[in-house]
Peer 1: 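This is the structure I want to talk about, given as structure tokens.
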4 protein chains.
Amino acid sequence: MKKTIEEKRKDVLEVATKLFAEKGYEATTMAEIAKLANVGFGTVATYFENKENLLLKCVEEPMADFLEEVLRFNTQPNDYQEEIHQMTLKHFQLFSEKRLYLLLLIHVTSQWEKYMKPYLIANKAAREMSDKFEQLIQNGQREGKLAEANANVLAISYISLLLGLFLSNTDQFSESALKLYAENATRLFGLQ
Amino acid sequence: MKKTIEEKRKDVLEVATKLFAEKGYEATTMAEIAKLANVGFGTVATYFENKENLLLKCVEEPMADFLEEVLRFNTQPNDYQEEIHQMTLKHFQLFSEKRLYLLLLIHVTSQWEKYMKPYLIANKAAREMSDKFEQLIQNGQREGKLAEANANVLAISYISLLLGLFLSNTDQFSESALKLYAENATRLFGLQ
Amino acid sequence: MKKTIEEKRKDVLEVATKLFAEKGYEATTMAEIAKLANVGFGTVATYFENKENLLLKCVEEPMADFLEEVLRFNTQPNDYQEEIHQMTLKHFQLFSEKRLYLLLLIHVTSQWEKYMKPYLIANKAAREMSDKFEQLIQNGQREGKLAEANANVLAISYISLLLGLFLSNTDQFSESALKLYAENATRLFGLQ
Amino acid sequence: MKKTIEEKRKDVLEVATKLFAEKGYEATTMAEIAKLANVGFGTVATYFENKENLLLKCVEEPMADFLEEVLRFNTQPNDYQEEIHQMTLKHFQLFSEKRLYLLLLIHVTSQWEKYMKPYLIANKAAREMSDKFEQLIQNGQREGKLAEANANVLAISYISLLLGLFLSNTDQFSESALKLYAENATRLFGLQ
DNA sequence: AATGAATGAGGCTTCATTCAT
DNA sequence: TATGAATGAAGCCTCATTCAT
């Protein structure tokens, strides 16, 4: 039973993302990607032109869905406590699930001069997140529901906490552990 | 005026740390390190045997001092509010100052299978930090001064926030910005 | 008109054998082999993995045919005089023709600790030769046709004479010279 | 108790000869020689200028004594049988003892284009040996004591047998084994 | 005289890319 | 369209040599 082109292309992207994230871009070879994706290694070149472009696609293509999920919260909820609880839990679950993708984003970010195009994509997304968090925070502060901290600082701290947690821990978190971390994070916002 | 061996060795270590952190281990060439450190490139090999060992020394040698500074806080202070305020400010300043070193630690951690020896060093340090933070938190909780969260979760969240902040932001923070972030972080502990 | 893979592989092996034999393994560069074999120098790596393995193949692959030719004599002939005359002539011609291969064998033998795998192959062949010569000698002695020397000593002396002649003389022997040396060697066996 | 310069120089030469012979010229490092000779490695350069010249001295200096010993036989003896018996035994003992030196000579001979100067020395010696053997043989033939073979062929065969034996056998021969081989070799001359 | 720190040329190897099938 | 044989650029490392002490 042969796979469609679209399926094979996706296999390659997934394998590449995993390897780029775990071993780094330079240390990952095209041959290794091809092998783990069960395609001939000329095929990878056919699909993605070259290695650099493959990295770009690894960063680019999942971004829309990822960002959409991250930003799926209400900046003017009736109940800030409830909204933020749900949001943090969602984020911790999502970031845990997409850990490899985040690792990849950090890689391209920390070497932004080399990976300019992927970096710009990652950076734009980070700003969008930060902006929407700020809105939520400012709205909550205006209604006296959230701590009176600098909204930008708080937003960036929140993102940093999320990233730092999944980047510096190599092993998976259980569902219950994620819940604990999510609840803990709400304190940043001045809740509880 | 010639530099001593010790000075040149230190130059090499500093340059290597910077490049490994910014560009990644694989993407950094020995020739580049040598050039920026103003030594012939056989000299790097003379000092450090090989690239892998150079990485190890970059991680290993600064660790003792770094760890000592990070752990320089009192786990049973009279005034928890004051102690934690000072501690967080100290940590944000220190992590900002040692940003490159932290980047390097994250690199080896995120690819721990490849960089086993450096990873073990980084990991041991992380556990020591986490342990001492936990002690502080548990003591504070026993006296009713800190939030009743799981101490381990809180400690790891605090470290994650610190790491995440300096890893995902490529530019320097001003002294006043650091102060804001530090104060903001105290909320994690349930202060203010 | 393009060469087949098999032809190119053989070209590389021949060039490598020649250079390894004439200049020594260490002094021969992969680039030199590739150039003389008219292939790109990555190609040599594609065919043979690495230099060490190339040496192994140079020793290994021609051995079966070579050994078969060397051992093509009758250990119980009717006419020992005739058989040994023909055998020695054959051997001197063969060793002259395969001079480069023999040089290579001596190289790996004289540095056996470094070239373990090729050495074992060469050594096994040497023992097979020696064994079959001994049989011939013992049979001839039993029938009173050959000198009453220690058979093992005689066999090894014969091989040594063959090897020594072609190793220590850098230039080619003419057909008539070979005949002279061959006849001369029969005296070792106590003939004539 | 410090060694004299002359003693240290000799140590270096001996170590170098051993290593050049066993591992080959290219595979032997100056550092290794210096270490085994218990001198600093700049010292080797001070004594011998450079590696190439060290090789030359390894070949050159022992040659006079060696040649003198090899040529110490009478080309017009009263008893050819006796003289040749004694000569062969002497040669087999000497070549066994100087096996490393002979290996070295073969090395430089088989790569004569690279090691021109050492090669010329070795070659000149070989011709001197061959010439004196020829004289002995021709004299013996004239008196009807030796086989009527081509004297040059016989001389070269004899040298070849000696060289081949010690080059292709990696292990030491016992005194009694040497005696067997020596006696066996006399048959080449038509004795016994 | 003796040493070894510093150096960079050159080799082996890896690997992204090209191209003919 | 999919493949992998062929290629050579570039990196790490080894090591002979130089030179200041």
Side-chain angles (χ1 to χ4, degrees), chain A residues 2-5 8-9 12 25-35 38-54, chain B residues 2-5 8-9 12 25-35 38-54, chain C residues 2-5 8-9 12 25-35 38-54, chain D residues 2-5 8-9 12 25-35 38-54:
Chain A
K2 297 194 60 170
K3 291 197 171 184
T4 67
I5 289 186
K8 281 196 277 184
R9 214 189 97 103
V12 172
Y25 175 76
E26 313 285 339
T28 302
T29 68
M30 296 293 270
E32 198 179 5
I33 293 170
K35 190 170 185 186
N38 280 313
V39 296
F41 82 77
T43 310
V44 179
T46 303
Y47 288 165
F48 295 99
E49 300 273 286
N50 54 41
K51 196 182 180 185
E52 199 180 325
N53 190 54
L54 173 56
Chain B
K2 299 204 42 174
K3 290 196 171 187
T4 68
I5 287 188
K8 281 193 278 182
R9 212 189 99 103
V12 173
Y25 175 75
E26 312 283 340
T28 302
T29 69
M30 296 291 271
E32 199 179 4
I33 294 170
K35 190 169 186 185
N38 278 314
V39 296
F41 97 64
T43 308
V44 179
T46 302
Y47 288 166
F48 295 100
E49 312 265 278
N50 54 43
K51 197 182 180 187
E52 196 181 328
N53 190 53
L54 174 56
Chain C
K2 300 204 45 177
K3 290 197 171 187
T4 68
I5 287 187
K8 280 193 279 183
R9 213 190 98 103
V12 173
Y25 175 76
E26 313 284 340
T28 302
T29 69
M30 295 292 270
E32 199 179 2
I33 294 170
K35 192 168 184 186
N38 278 313
V39 296
F41 91 66
T43 308
V44 179
T46 303
Y47 288 166
F48 296 99
E49 311 267 278
N50 54 42
K51 197 183 180 185
E52 197 182 325
N53 190 53
L54 174 56
Chain D
K2 295 194 59 169
K3 292 197 171 186
T4 67
I5 288 187
K8 282 197 276 183
R9 215 191 96 102
V12 172
Y25 175 76
E26 314 285 337
T28 301
T29 68
M30 296 292 270
E32 198 179 4
I33 294 170
K35 191 170 185 186
N38 280 314
V39 298
F41 81 79
T43 309
V44 179
T46 303
Y47 287 166
F48 295 98
E49 300 274 287
N50 54 40
K51 197 183 180 184
E52 198 180 325
N53 190 54
L54 174 55

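Just so we're on the same page: letters track the sequence lines, and every chain starts at 1. Quick caveat: nothing in here was measured; it's all calculated off a predicted structure.
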Peer 1: Taking C/Leu54's backbone N and O only, do any of them form a donor-acceptor pair with C/Tyr47's side chain (distance below 3.5 Å, no angle check)?
Peer 2: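 No; zero donor-acceptor contacts below 3.5 Å.
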Peer 1: F/dA20 pairs with which nucleotide, Watson-Crick or G-U wobble, both distances below 3.5 Å?
Peer 2: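 By the stated definition (distances under 3.5 Å), E/dT3 pairs with F/dA20.
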Peer 1: As a quick check of understanding, evaluate side chain to side chain contact (heavy atoms under 4.5 Å, CB included) for B/Tyr25 and A/Glu26, giving each step before the final call.
Peer 2: CA-CA 9 Å; B/Tyr25 175 75; A/Glu26 313 285 339; over 6 Å; no
Peer 1: What is the distance, to the nearest angstrom, from the CG atom on B/Asn53 to the C1' atom on F/dC13?
Peer 2: 14 Å
Peer 1: Paired with F/dA9 by Watson-Crick or G-U wobble geometry, both distances under 3.5 Å: which nucleotide is it?
Peer 2: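 F/dA9 is paired with E/dT14.
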Peer 1: When the distance from CG of D/Leu54 to P of F/dC15 is rounded to whole Å, what number comes out?
Peer 2: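 In whole Å, F/dC15 P and D/Leu54 CG are 16 Å from each other.
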Peer 1: Is there a Watson-Crick or G-U wobble partner for F/dC15 with both distances under 3.5 Å, and which nucleotide is it?
Peer 2: E/dG8
Peer 1: Identify the two heavy atoms, one from C/Phe48 and one from C/Asn53, that lie closest to each other, and give their separation to 0.1 Å.
Peer 2: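 Smallest heavy-atom distance, with atoms named: O-ND2, 3.1 Å.
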Peer 1: Could you grab the distance from atom CZ of B/Phe41 to atom OG1 of B/Thr43, nearest 0.5 Å is fine?
Peer 2: 9.5 Å
Peer 1: What's the spacing between C/Asn38 CG and C/Lys8 NZ if we round to 0.5 Å?
Peer 2: 10.5 Å
Peer 1: How long is the straight-line distance from CZ of C/Arg9 back to NZ of C/Lys3, given to the nearest 0.5 Å?
Peer 2: 14.5 Å
Peer 1: Hey, does the side chain of C/Tyr47 come within less than 4.0 Å of F/dA6's phosphate (OP1/OP2), counting only N and O?
Peer 2: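 Result: yes.
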Peer 1: Rounded to the Å, how far apart are B/Phe48 CZ and E/dA6 C1'?
Peer 2: 14 Å
Peer 1: Whole angstrom is fine here: how far is it from NZ in D/Lys8 over to P in E/dA1?
Peer 2: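 Roughly 11 Å, once rounded to whole Å.
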Peer 1: Does the protein touch nucleotides 10-15 of chain E at the base, only the backbone, or not at all? Give it as B, S and - per nucleotide, heavy atoms under 4.0 Å.
Peer 2: BSSBBS
